Enquirer: 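The structure under discussion is supplied below as structure tokens; questions concerning it will follow.
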Amino acid sequence: MTDQEINRAIQYVTASTSYGRDTVAGIIQTGLGELEALATSTHQTFERDALMEYVCRWTMRRTGHPEPLVREILGCAGRWLDQMCDLVLKDAPKEA
């Protein structure tokens with residue numbers, strides 16, 4: 001993801017929750033950073049729930065934020081990412 005895309009996710013989550021931008025940004029950047037590290041360092045396939053669990057736990061340890069906060073923010077960011085993927089798929093050229 002580009003910095004612009006990460007900032008859009010941060011804006012979306014900040015607008016969708018009652019948490020401050022700095023808190024949201026720290027959690028999203030930490031979580032997505034680990035997700036990127038996993039994507040570039042392994043060829044293993046993960047189920048979405050297992051991956052979310054790992055990233056949430058890792059982010060909690062790294063940031064020191066409580067579990068409900070991290071889960072809510074990363075869950076909201078995940079919904080934003082799902083929406084963006086759906087848009088990309090809709091706009092993708094159809095194969096003949």
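Predicted model, so just to flag it, every value in this text is computed and none were measured. For the single chain, residues carry numbers from 1 onward in sequence order. Note: hydrogens, waters and symmetry copies are ignored here, and every other heavy atom, side chains too, is used.
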Enquirer: Quick one: CD1 on Ile28 to OG1 on Thr63, what's the gap to the nearest 0.5 Å?
Expert: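 Those atoms lie 12.0 Å apart.
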
Enquirer: Please tell me if the side chains of Leu74 and Val13 come closer than 4.5 Å, counting only heavy atoms from C-beta onward.
Expert: no

Enquirer: Can you name the residues that form a salt bridge (Lys or Arg N to Asp or Glu O under 4.0 Å) with Glu5, not counting sequence neighbours?
Expert: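 Scan of Glu5 (salt bridge (Lys or Arg N to Asp or Glu O under 4.0 Å), adjacent residues dropped) gives none.
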
Enquirer: Just to verify, what does Arg79 make a side chain to side chain contact (heavy atoms under 4.5 Å, CB included) with, not counting sequence neighbours?
Expert: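 Counting only residues at least two positions away or on another chain, Arg79 forms a side chain to side chain contact (heavy atoms under 4.5 Å, CB included) with Cys76.
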
Enquirer: Do Glu72 and Pro68 have side chains that get closer than 4.5 Å, going by heavy atoms?
Expert: no

Enquirer: Check Val24 against Ile10 and note the closest heavy-atom contact, atom names and distance.
Expert: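 Minimum heavy-atom separation between Val24 and Ile10: CG1-O, 3.8 Å.
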
Enquirer: For the pair Glu53 and Arg71, evaluate side-chain contact (heavy atoms from CB on, under 4.5 Å) and give the outcome as yes or no after the intermediate values.
Expert: CA-CA 9 Å; Glu53 181 66 24; Arg71 287 192 183 281; 2.8 Å; yes

Enquirer: Would you call Tyr19 and Leu69 a side-chain contact if the rule is heavy atoms closer than 4.5 Å?
Expert: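 The answer is yes, as the side chains (C-beta and beyond) meet within the 4.5 Å cut-off.
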
Enquirer: Within a radius of less than 6.0 Å around CG of Asp49, do more than 12 heavy atoms belonging to other residues, nucleotides or ligands occur?
Expert: no

Enquirer: Could you tabulate the donor-acceptor pairs under 3.5 Å formed by side-chain atoms of residues 33-48, not counting sequence neighbours?
Expert:
{"residue": "Glu34", "atom": "OE2", "partner": "Tyr54", "partner atom": "OH", "Å": "2.5"}
{"residue": "Thr40", "atom": "OG1", "partner": "Glu36", "partner atom": "O", "Å": "3.1"}
{"residue": "Thr40", "atom": "OG1", "partner": "Ala37", "partner atom": "O", "Å": "3.2"}
{"residue": "Ser41", "atom": "OG", "partner": "Ala37", "partner atom": "O", "Å": "2.8"}
{"residue": "Thr42", "atom": "OG1", "partner": "Gln44", "partner atom": "N", "Å": "3.1"}
{"residue": "Arg48", "atom": "NH2", "partner": "Asp82", "partner atom": "OD1", "Å": "3.2"}
{"residue": "Arg48", "atom": "NH2", "partner": "Asp82", "partner atom": "OD2", "Å": "2.8"}

Enquirer: Atom CD of Gln29 and atom CG of Asp3: how far apart are they, to the nearest 0.5 Å?
Expert: 8.0 Å

Enquirer: Hey, mind stepping through Asn7 and Thr2 against side-chain contact (heavy atoms from CB on, under 4.5 Å) and telling me if it holds?
Expert: CA-CA 9 Å; Asn7 283 327; Thr2 66; over 6 Å; no

Enquirer: Atom OG of Ser16 and atom CD1 of Ile73: how far apart are they, to the nearest 0.5 Å?
Expert: 11.0 Å

